[in-house]
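Worksheet for the structure shown next.
Just the heavy atoms: all of them, side chains too, but no hydrogens, waters or symmetry mates, feed the values below. Just so you know, ligand 1 is whichever comes first in the structure, and atom 1 is the first atom listed for that ligand.
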Amino acid sequence: MITAEAVINLKALSDNYDVLKNKCADKSVVAVIKGDAYGHNAVKTAQTLTQADMFAVSRIEEALELRSEGIKQPILLLEGCFCKADLETAAREGFHTAIHCKEQLEDLKQADITTPVTVWLKLDTGMHRLGIHPYELSDYVQQIEATNKLAGPVGFMSHFSCADDLSSPATQKQIDLFLSQTADFPGPKTLANSAGILYWSDSHLDYMRAGISLYGICPNEDETGKEHGLRCVMTLNSKLIAIREHKANQPVGYGESWTSERDTNIGVIAMGYGDGYPRNAPVGTPVYINGRIVPISGRVSMDMVTVDLGPDARDAVGDTVEFWGDNLPIEKVAKHIGTIPYELVIKLTKRVRKTYVEV
Ligand SMILES: *Cc1c(COP(=O)(O)O)cnc(C)c1O
């Protein structure tokens with residue numbers, strides 16, 4: 001019997017790309033598929049999104065894997081190349097690269113490049129993680145262009161720090177700074193992540209970078225992807241492997257962290273932190289079974305989770321249990337656990353069977 005299983009709906013993935021594209025049909029949408037497509041399988045995702053204008057990943061190894069699997073679209077390296085040899089590889093493979101610091105500029109100057117390369121200059125507009133300072137911009141553009149190694153005009157990118165927080169003034173400041181700094185340059189511009197696409201239409205510009213939204217998930221923890229017309233892509237299921245009568249005032253599991261106040265039935269499910277389900281999911285975290293929500297009761301262990309099925313439970317061993325997905329929005333589960341959906345999907349381990357459907 002298959003227990004821990006991530007059912008991935010490739011049709012929903014493709015539909016989501018189209019929904020995001022239609023938010024601004026004249027713009028290009030970059031499908032961000034770093035981290036093995038946020039745990040959804042990057043190769044399968046890229047093969048599914050034949051309509052995608054471009055893909056983006058974080059590491060050159062990820063881009064090389066996509067190429068070796070026959071993916072033909074442009075691939076953007078979001079943090080650029082980390083050494084000169086990688087830049088030479090990127091140019092050869094036709095990857096778009098970012099330049100965010102002086103070392104990468106130096107690598108471009110020194111690199112032995114025969115195929116012109118597409119460069120996106122990354123500007124720090126307030127995230128203060130990567131990117132050149134606004135006052136360095138025109139100097140960088142000049143130096144990059146002077147290398148004569150470019151396939152086209154220098155593009156511009158920046159990244160939001162708070163776009164999922166609709167009350168933060170930071171995002172509009174970042175948009176204004178980005179637009180004013182890049183206004184005089186002809187190259188393409190990209191600023192929006194998923195939150196930018198969904199909430200900040202000023203940030204759409206030429207290319208929008210869709211990560212979490214592509215997987216049907218809303219970056220704002222108080223909403224769901226469904227509310228934005230997106231479809232759930234991953235459903236995480238497992239099976240009930242035991243149902244045990246349980247007496248009031250008896251604890252369950254490691255550390256006796258939970259004690260039942262009533263006579264009830266405890267369901268034991270084959271899912272644990274060994275599958276990537278967080279160990280710190282607290283008592284009360286929702287799980288969906290047979291049309292209702294039941295609470296996790298007791299600590300998550302490596303291979304099992306216990307839930308309180310209630311005194312009148314009619315569930316049976318072998319029944320399917322959903323941890324997030326079509327019936328239980330991952331945004332709600334993540335909020336309960338005190339994390340974000342990004343971390344939940346990407347941390348599933350290889351013990352979880354991935355099954356692909358198109359419905
Ligand atoms: C990961 C990433 C994205 C996608 O962000 P989402 O919130 O998942 O849409 C966009 N741009 C950059 C630079 C990233 O690193």
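Those atoms of ligand 1 that come under 4.0 Å of a heavy atom in L78, given as number and element, are 12 (C), 13 (C), 14 (C), 15 (O).
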Identify all side-chain donor-acceptor contacts of residues 343-350 below 3.5 Å with residues at least two apart in sequence or on another chain.
residue	atom	partner	partner atom	Å
E343	OE1	T339	OG1	2.4
E343	OE2	K347	NZ	2.5
T349	OG1	G274	O	2.6

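No side-chain heavy atom of Y215 sits less than 4.5 Å from a side-chain heavy atom of C232.
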Apply side-chain contact (heavy atoms from CB on, under 4.5 Å) to the pair L66 and I33, showing each step before the final yes or no.
CA-CA 10 Å; L66 294 171; I33 57 172; 3.6 Å; yes

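For ligand 1, one of its N or O atoms has an N or O atom of G211 under 3.5 Å away.
No hydrogens or angles considered: nothing links the side chains of E331 and T224 as a donor-acceptor pair under 3.5 Å.
With a heavy-atom cut-off of 4.0 Å, H100 does not touch ligand 1 at all. The parts of I212 lying near ligand 1 are both backbone and side chain, judged by heavy-atom distances below 4.0 Å.
At least one heavy atom of K122 sits under 4.0 Å from some atom of ligand 1.
Taking atom 11 (N) of ligand 1 as the reference point, the nearest protein heavy-atom neighbour is R209 NE, 2.8 Å. At the top of the distance list for atom 3 (C) of ligand 1, counting protein heavy atoms only, stands K34 NZ, 3.8 Å. The protein atom (non-hydrogen) at minimum distance from atom 7 (O) of ligand 1 is Y342 OH, 2.7 Å. Counting protein heavy atoms only, atom 4 (C) of ligand 1 is closest to Y38 OH, 3.4 Å. Of the protein's heavy atoms, H159 CE1, 3.4 Å lies nearest to atom 12 (C) of ligand 1. Looking at atom 9 (O) of ligand 1, its nearest protein heavy atom turns out to be S194 OG, 2.5 Å.
Under the 4.5 Å side-chain contact rule for hydrophobic residues, M127 and Y342 do not share a cluster.
R67 pairs by the side-chain contact (heavy atoms from CB on, under 4.5 Å) definition with I75, E93, F95, not counting sequence neighbours.
A salt bridge is defined here as a Lys NZ or Arg NE, NH1 or NH2 lying under 4.0 Å from an Asp or Glu carboxylate O, and K84 with E88 meets this definition.
Checking each of D139, L121, D124 against I132 for a side chain to side chain contact (heavy atoms under 4.5 Å, CB included) leaves exactly one that passes, namely L121.
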